[in-house]
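Every heavy atom of this structure was used, including side-chain atoms; hydrogens, water molecules and symmetry mates were not.
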Amino acid sequence: MRTTLTATQLKCPKCAVHIEEEIKKRNLARDLVIDVPTGIISVEADGEQLIQIKRLLSQAGLYHEEHEERTERFITISGLVLFAIGFAAIRLSPPVGITFLVVSSIINGYPRVHELVHNLSVGVLDIFDENLLMLLGGTGGFIAGAYVEAAMVFNLYALAEIIEESVKKKAQEGLRSILTDIPDSAMLIKEQQLVAVEVEQLKAGDHIRFTAGDTVPVDVVLLSPALVDESVITGESAPVNHEPGDMVLSGSKLLTPCDAEVLRPLQESNLAQVQKTIAQTLSRKSAFRSWMERFTNVYSPMVLISAVAVFLFGLLSGNTFSVAVYRSSVLLLIACPCSLLLASPSAVSAAVSTLARQGVLVRNTDALEKLPQVKTIVFDKTGTITTGRMKITEAHISDEHLALVASVESYFKHPVADAIVAYAAEKNIVLKEAKVRQNGNVITGEIENHQVELTMKDLLQVKVDGMDVGFFKVEEELRDEAPWVIQRLKDQGYKIIILSGDQHEKVETLARQLKVDEYYANMTPEGKQAFVKELEKREHCLMVGDGLNDALALSEAHVSVALPDRRIKTIVETADFILSGTLTPLVNLPSYAQSYTSTVKTNVGLSLGIKVAIFTTSLLGYVALPLAVVADEGTALLVLLNSLRLTSRASH
């Protein structure tokens, strides 16, 4: 069972790595993702494992129950009030003021010291651990006699954490809506009785009952009408009316009571696959993030050498030991690389959660950085631009003969048969028993002493007892949004190409209707792959397909998007992005990717720019400890706020 926890004090990616290693070493979770920017830890674990994970996080000072958080917040605010009193009193009565300042520092410094001691006890010590830097900076200030400034180090950190916590809660909203806990139990209808069972025990074919407001735990087929909120799946906020026989995916919310039949068990359900994919995406390092971590591996030793040099230079220049410690502490506080390490993950977290809520599942975050390089968009036809279903566009046949044709077709499961049977159902025609046989594109049937013969070429020709009695014109059903999506993409300057395995005439008709730039027919899966591979030699392309016969082509494209049939499989392993039921998000996906790339670059620019400016002035002795804290915590907060802007951008 997947559960989300909030690590309120988790701020540094290096701390997350340590926690992840501890959980894996103790084999406490089947699957784990730690998202530092939001503080969300998503784990797939059983009850006892979850208790041990909570205990481990609590020991590290990273997790608290809700009542503990309220108590901790009260203590923090009390410390801030005592600091304010000490700040006001120190001019009137220095001993009283200093006492209040020291007490406030102990109150708001203790949680950080506790976390530092835990890190030492488990053998994890980083010279750029924020807890260590705060302790060095604050202690150095008290040694130097700068009581107000030293107390400000501890209390500004506490205040910054309160602000960051509120920002993180805003960022958590989007991610929690997707990594939401699956209901633990469901009401199973067994022998006309309702029995509460664990969701993990449900199997295909079970009948379950829902009440209004229930979240669907597994993929189901409705047995009665229902009004459904599918916003978690498709991003569409308007409720959808569903009829018996319709499929409803897990994660949807039922607004009316209904009965349903389980289509797939929990581990194969849509929501379980989506959660697992998002977890994998968040834990996977983007190319930019990997580069940034390599950069900080060089950056950190350089800063450490500079801090030692400042300390030694201060002593050699005649400064007291306390002043030398003070200046080197200032430099270390400024140089903490946490905001740099958050530059990419915070943007990734915001983008992944926002796009998922808009119906786009991100499997490869590098594709967000590559998408602005795309010049051409290649669409597979069947199942992508079309729904993969057929519809009757013309029917020249009597109802009597239609009944015979539909009765024969009802024995077959293919798109044309489904279209004929649905057309007959619209006319309330009753089907009859038949004896049927298929030979190539010819179907024959015997019904009540009538011989029926159906031949599929360009039209579905119908013969009854050897006489031509009519025909059907059957065409693929075009997605409602396809013409609008393609036109909008053309307006943005993209070249549009259609690839299809169908005959030239059918593809040409569709291409003219959609006004695409190029189209190619009679293409095999290998042919599509070769086409995309050759196209990539000239310019980067985005390939859009259903992930079945175009999987090879998707793997060759610079960026790939899949729109899979939800009845078959939710996740297409070869695609960078997965769409949920509609092409519509494609329209704004490129501009969103551009915003994402700009956000990451801005985050890096903010972090480096502020640090370099404060770092340079600190070498000259012009920076006090409080400003160093503001520069460190403020930069991290600016990075989080800048990334949070991505959550307000809609992908369609």
Shortest non-hydrogen separation from [X] to [Y] and the atoms involved:
X      : Y      : value
Thr393 : Val474 : OG1-N, 4.5 Å
Asp259 : Ser224 : N-OG, 3.0 Å
Leu404 : Val452 : CB-CG2, 4.0 Å

request  = Evaluate salt bridge (charged side-chain N to carboxylate O under 4.0 Å, His left out) for Glu477 paired with Arg389, printing each intermediate quantity in order.
outcome  = CA-CA 6 Å; Glu477 187 177 65; Arg389 298 185 294 271; 3.2 Å; yes
Has Asn439 got more than 12 heavy atoms of other residues, nucleotides or ligands less than 6.0 Å from its CG?
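Counting neighbours around CG of Asn439, 12 or fewer heavy atoms of other residues, nucleotides or ligands fall under 6.0 Å, so no.
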Q | More than 12 heavy atoms from other groups under 6.0 Å of CD on Gln438 | A | yes
State, with a plain yes or no, whether a side-chain heavy atom of [X] is found less than 4.5 Å away from one of [Y].
X      : Y      : result
Phe472 : Glu394 : no
Met247 : Arg264 : yes
Glu453 : Val442 : yes

Test salt bridge (charged side-chain N to carboxylate O under 4.0 Å, His left out) applied to Asp214 and Lys253, step by step: CA-CA 6 Å; Asp214 284 349; Lys253 180 170 285 189; over 6 Å; no
Pairing residues for Pro415 by the side chain to side chain contact (heavy atoms under 4.5 Å, CB included) criterion, not counting sequence neighbours
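Partners of Pro415 under the side chain to side chain contact (heavy atoms under 4.5 Å, CB included) test: Met390.
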Checking Val532, Val516, Val378 against Ile497 for side chain to side chain contact (heavy atoms under 4.5 Å, CB included), the one that qualifies is Val378
Side chain to side chain contact (heavy atoms under 4.5 Å, CB included) with Leu368: of Asp576, Leu355, Val348, only one passes, and it is Leu355
Salt bridge (charged side-chain N to carboxylate O under 4.0 Å, His left out) between Lys528 and Asp550: does it pass, once the steps are laid out?
CA-CA 7 Å; Lys528 295 175 185 177; Asp550 47 26; 5.4 Å; no
Pair Asp219-Ser250, side-chain donor/acceptor within less than 3.5 Å
yes
Contacts satisfying side-chain hydrogen bond (donor to acceptor under 3.5 Å, both in side chains) that involve residues 409-422 (not counting sequence neighbours) are none
- prompt: Yes or no on salt bridge (charged side-chain N to carboxylate O under 4.0 Å, His left out) for Lys432 and Glu448, after CA distance, side-chain angles and deciding distance?
  reply: CA-CA 9 Å; Lys432 305 173 183 180; Glu448 296 179 344; 3.4 Å; yes
